[in-house]
Amino acid sequence: MVKKDKVGGIILAGGQSSRMGREKGLVEFCGKPMIQWVLDALIPVVSDLVIVANDPSYQMFGYRVISDDFKEMGPVGGLCTGLRASRAEVNIVVGCDMPLLTTNLLQHLLDQLGDETAIAAQTNGRKQPLVSIFRKEMLPEIVENITVGRLRMDSALAVAGGLFHTLPGTMPDFDPESLRNFNTPEDIADFDCSGFKKRMSGR
C-alpha cells in the first residue's frame, strides 16, 4: 500500500472547453464549481496537489496552478506538465470535469497499485485513462512518446508499462456513474442533483 505522504494529485484543467462554452472546471455543478467536487474527492488521499490549467482563476482554490508546458497536446500534455511539477513519487491523475468521483474509488485504485508504474480505470469494456495513477519516474518515457506524435492517454499508459484495472473488481460500492464526465451545459442541466449532495457527503 502506498502511503499518503508519497501520493500527489494532478487535476487536468487545461482543455479548451469548447463544448462547454466557458472554463469547464469553474462551471457550477450542484452548488459548487465542478472542480471543487474533484478536489473534495482527491484531498483525503494525497499529500500534494497541482492543477494544470492556463486560466489563473483556478488559483482561488488554494493549490498550485501550473500552465501547460505542452501546448495543444491534449490531456497527455497536461499529464507531463503535472508530473514535472509534482513533488510526489506516485500521482493520481484526473480530469476537472468528473464531479462524481469518490474518494473510495480513488483509494481503491491506489490500493491496486503494486509494482506497476501506472494504472488506469476501466469498466464495461470502456477505458478511463483520465482516472489513472502514474509514477513520476516514468515522465521521460512519456515525454519521448509524445514527441513522436503519440498523444493518446492510453498510449502514455502503455509506454509507462501500465495496465487497466477493471472495476468494480473488489470494490463493493462502485457506481459506474462516478466515472462520468460532463462536457456541455446540457450535460449539467440534465443531471438530477436531488440526493447527490447526500450521497457525496459519505464518499
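In what follows, every heavy atom counts, from backbone to side chain, and hydrogens, waters and symmetry copies are set aside. Everything numeric here is computed off the predicted structure, so don't read it as measured data.
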Any pair with a residue in residues 130-153 that passes salt bridge (charged side-chain N to carboxylate O under 4.0 Å, His left out), sequence neighbours left out, goes on the list, sorted by first then second residue, please.
R152-D154
Measuring only between side-chain heavy atoms, which start at C-beta, is I51 closer than 4.5 Å to R64?
no
Rounded to the nearest 0.5 Å, what separates atom CG in L130 from atom CG in N181?
8.0 Å
Got a sec, which pairs hit salt bridge (charged side-chain N to carboxylate O under 4.0 Å, His left out) with one end in residues 87-99, sequence neighbours left out?
K6-E89, K24-D97, D48-R87
Do I11 and V50 come close enough that some side-chain heavy atom pair is under 4.5 Å?
no
Under 3.5 Å, is there a donor-acceptor pair between the S67 and N54 side chains?
yes
Are any non-hydrogen side-chain atoms of V27 and I35 less than 4.5 angstrom apart?
no
Check V45, V131, N104 against L109 for a side chain to side chain contact (heavy atoms under 4.5 Å, CB included) and give me the one that passes.
V131
Would you say that I92 contacts F134 through its side chain, given a criterion of any heavy-atom pair below 4.5 Å between the two side chains?
no
Kindly compute the distance separating CZ (R180) from OG (S178), expressed to the nearest 0.5 Å.
12.0 Å
Do the ring centers of F29 and F191 come within less than 6.0 Å of each other?
yes
Side chain to side chain, N91 and I133, heavy atoms closer than 4.5 Å:
no
Give a yes-or-no answer on whether the side chains of D55 and S57 include a donor-acceptor pair shorter than 3.5 Å.
yes
State, with a plain yes or no, whether a side-chain heavy atom of I142 is found less than 4.5 Å away from one of V76.
yes
Donor-acceptor under 3.5 Å (S47 side chain, K4 main chain)
yes
Apply side chain to side chain contact (heavy atoms under 4.5 Å, CB included) to residues I66 and R84 and explain how you reach the verdict.
CA-CA 10 Å; I66 308 296; R84 275 185 178 176; over 6 Å; no
Is a donor on one side and an acceptor on the other found under 3.5 Å between the side chain of D190 and the backbone of D187?
no
Stepwise side chain to side chain donor-acceptor pair (under 3.5 Å) test for T81 and D68
CA-CA 6 Å; T81 300; D68 203 336; 2.9 Å; yes
